[in-house]
Amino acid sequence: MTSSEKRIPLIALDNIRKSYGGHDVGQGGPPAVEVLRGISLDIYAGEFVAIVGASGSGKSTLMNLLGCLDRPSAGAYRFNGEDVSSLDADQLAWLRREAFGFVFQGYHLIATESSCENVEVPAVYAGIPERERRQRASALLTRLGLGDRLDHRPHQLSGGQQQRVSIARALMNGGRIILADEPTGALDSSSGAEVMKLLNELADAGHTIILITHDRKVAAQARRVIEVSDGRIIADSAAAQPPLLTGAQLPPMPDLRNRGSTPDQDASRLLFEDIREAARAAWRVMWINRFRTGLTLLGIVIGVASVIVMLAIGLGTRQQVVEQLGKFGSNLMYMAAIGESSRIPGRSITLQDLEAVSEIPNIVHVLPNVTGNKVVRYGNQDIQTYVRGTGAALPAIQTWPLARGAFFTAGDERELASVAVLGHKLARELMPGVDDPVGRTVLIGNVPFQVVGVMSQKGALTGDRDEDNLLILPFSTAGVKVFGQREPTYTVLAVADVGRIQRTQEQVEALLLERHGIRDFSIGNAAASIAAEAKTRDTMTLMLSLVAAVSLLVGGIGVMNVMLMTVRERTREIGIRLATGARQRDIMRQFLTEAVLVTIVGGSAGVVLGLLVGAGLIAAGAPVIFSLTSMLAAFGCSVATGLIFGFMPAKKAARLDPVVALTSE
């Protein structure tokens, strides 16, 4: 190493000035206050420098500038020969992390962390693996006589012990430059002497020590004393020549030209470890403040559980409706005559039309029906009811099983057999007290019909007719013996593929228009009715879900309020993290992680609560269908709530000024 290299100062200040205020003087704001008034100072590697001065002399402001916690208003600051004025906030954080270690009068330890965890903080932001930093922190604390206090929190330590933890933290990343601000100010004489002994030992080992104090006896223990008064250096005991560089065992000073390159060598590993460390610290804070955390979680839990239950009820009700309507045939189309010919029912669509329609692809069955109201008699009981003449395939086509007996056959229809099947309600009202109507005879007019079966209960598709209050006859028998006509009143068309039902309906309409020349018919399908009903249910479910989602919104606002309060309560902790090398994104990640962790816990509890409530509803007979998609969506929304509502507090925390944060109460 040449003589010229030895003379390059580690820190060089040239005419540094620092002012506060004066920005809004024209609007009644306070005038500018100049704290530092042209400080020029060189500090060489390996020096033990004490900066002494009375309160208000500017020494603490000078320390903040030396440690890159603050920026000068004017002048130049060169570190290891490089200008630091162009560094942004994160680059200054890198320099603090790599070069400086801070020892404060008030110790500035994070209250929720143990001694070992406090010491590890700078290494976390330097990207040192967990095992390695834990071993180094333990070794440093053991070396400083705190090997039996590794898991103690600050409130469990004496003042001298806390200050030793602070010194260990300053050494964690190498501690090339130790900035000690009144390190003995809050200690008794014995503890103060121990701290000064440690600083001297570090100076002997080659560390550059910059001691800020108002106590001249303490300052006298340094090897160079600089006196500051009214923002100016009024005395400097520096020798004519800078000291020889010592402490060759220390790592070299960081090179500003390669700033920030080391932590990015293994970005994915570092990101994972950063998130894990942030989650650990966040969980610790949540647990310590568990009552407040529980109240914050309440809105998230209720919101997620409500969304899950509401959607489950909606899906269950929708499925129930679809199943009930499906009994009427979701794959069916209904075709009837309209227009002038409708005065003579069934005359506009002939059996020949139906034969042509049956040839259309996707139509698997054509079921003609002739209908009307007739009086049905059994014994001395007369009831006017709906009579339907239809085909033998009705039970299969309309998914309508029998409760008793059998349905008539295709042979019965060909032979005009006088057989009948009773609807469930008609059988009960026409033959009260009869256990089995099968084999009994009923009359329509003077025509007798033998009952061969009773249909199962079906219900009503619409409010104008009860499907269970009817009498079913073979189509040919009804047309000839009851209604005196052979053409259908309406026709049921069954399709193979429900997905193509609309296209098939258009083909039927085109065929009939070609045959008739006019639109004297109407065609509808049950799928449309089912879809309309299902859509109504979906709309109701959506409305209920939106109401439930309001709870999530309220929970999110609660998260934001609590996080804003947390930032205010932990401002000093943020300052400590910034001073030890945390970048703005590290602080943002820390508080976003806390917000998301709250909502993850709340979302998980909400899912469990929603499942329990749903299970209770199922036990009570309510139609409930749980959807994995809805549960994942509700949980995802809760996590998104944490990100969205936690962003503003996290951003506020990340933008705090280190000096302001450190001096907050």
Side-chain angles (χ1 to χ4, degrees), residues 88-90 93-94 97 110-113 117 120-121 124-127 130 263-264 267-290 292-301 303-304 552-606 632-658 661 664:
D88 60 24
D90 282 351
W94 170 83
R97 184 173 66 241
I110 299 174
T112 57
E113 306 286 86
E117 290 164 345
E120 288 181 55
V121 170
V124 170
Y125 299 125
E130 181 180 9
D264 295 329
S268 60
R269 178 185 65 81
L270 293 178
L271 179 61
F272 173 76
E273 291 197 1
D274 285 349
I275 293 176
R276 185 177 62 176
E277 176 63 24
R280 183 203 60 77
W283 180 259
R284 177 76 58 79
V285 172
M286 285 174 56
W287 180 250
I288 291 174
N289 301 296
R290 49 189 174 274
R292 184 173 70 186
T293 301
L295 292 178
T296 306
L297 290 176
L298 195 58
I300 301 294
V301 172
V304 172
L552 272 178
L553 179 64
V554 172
I557 294 173
V559 170
M560 182 170 65
N561 287 337
V562 169
M563 292 307 299
L564 286 171
M565 185 186 305
T566 299
V567 170
R568 186 163 55 250
E569 291 175 349
R570 295 165 59 193
T571 299
R572 179 172 292 183
E573 177 190 331
I574 296 168
I576 295 169
R577 293 184 181 276
L578 291 170
T580 53
R583 297 156 295 187
Q584 288 186 342
R585 64 175 178 268
D586 294 321
I587 300 299
M588 179 167 286
R589 183 186 297 122
Q590 175 70 49
F591 284 88
L592 270 181
T593 301
E594 291 186 21
V596 170
L597 190 59
V598 167
T599 51
I600 286 176
V601 174
S604 301
L632 291 175
F635 183 79
C637 286
S638 73
V639 176
T641 298
L643 283 171
I644 293 170
F645 287 93
F647 179 78
M648 188 177 77
K651 186 176 181 180
K652 179 180 179 181
R655 291 188 172 182
L656 284 175
D657 182 272
S664 69

* To do: Could you check if a side-chain atom of Leu564 sits within less than 4.5 angstrom of a side-chain atom of Met560, using non-hydrogen atoms only?
  => yes
* So which heavy atom on Val301 is nearest to which on Ala605, and how close? -> CG2-CB, 3.8 Å
* Going by heavy atoms in the side chains, are Ile110 and Val121 under 4.5 Å from each other? -> yes
* To do: Report the distance from atom CD1 of Ile574 to atom CD of Glu569, rounding to the nearest 0.5 Å.
  => 11.0 Å
* Asked: When rounded to the nearest 0.5 angstrom, what distance separates NZ in Lys651 from CG in Leu656?
  -> 13.0 Å
* **With Val596 via side chain to side chain contact (heavy atoms under 4.5 Å, CB included) - residues at least two apart** => Thr599, Ile600, Val639, Leu643
* **Partner residues of Glu113 under the side chain to side chain donor-acceptor pair (under 3.5 Å) criterion, sequence neighbours left out** => Arg280
* To do: For Ala582, enumerate each residue passing the side chain to side chain contact (heavy atoms under 4.5 Å, CB included) test, keeping only those at least two apart in sequence or located in another chain.
  => Tyr125, Arg577, Asp586, Ile587
* Would you name the heavy atoms of Ala650 and Met588 that are closest together and state the gap between them? => CB-O, 3.7 Å
* Distance (rounded to the nearest 0.5 Å) between Arg570 CZ and Glu594 CD -> 4.0 Å
* Structure fact -> Heavy-atom closest pair (Gly603 atom, Phe635 atom, distance to 0.1 Å) is C-CD1, 3.7 Å
* Structure fact -> Sorted by chain and residue number, the side chain to side chain donor-acceptor pair (under 3.5 Å) partners of Glu120 (sequence neighbours excluded) come out as Arg133, Arg134
* Asked: Looking only at heavy atoms, what is the nearest atom pair of Val567 and Pro649, with distance?
  -> CG2-O, 3.6 Å
* Structure fact -> In terms of heavy-atom contacts, Arg97 and Ala126 come closest through CD-N, 3.3 Å
* All salt bridge (Lys or Arg N to Asp or Glu O under 4.0 Å) counterparts of Asp90, not counting sequence neighbours -> Arg585
* List for me each residue that meets side chain to side chain contact (heavy atoms under 4.5 Å, CB included) alongside Ala579, sequence neighbours excluded, and say none if there are none. => Leu69, Phe102, Phe104, Leu662
* To do: Find the distance between CG (Leu597) and CG (Leu592) and round it off to the nearest 0.5 Å.
  => 12.0 Å
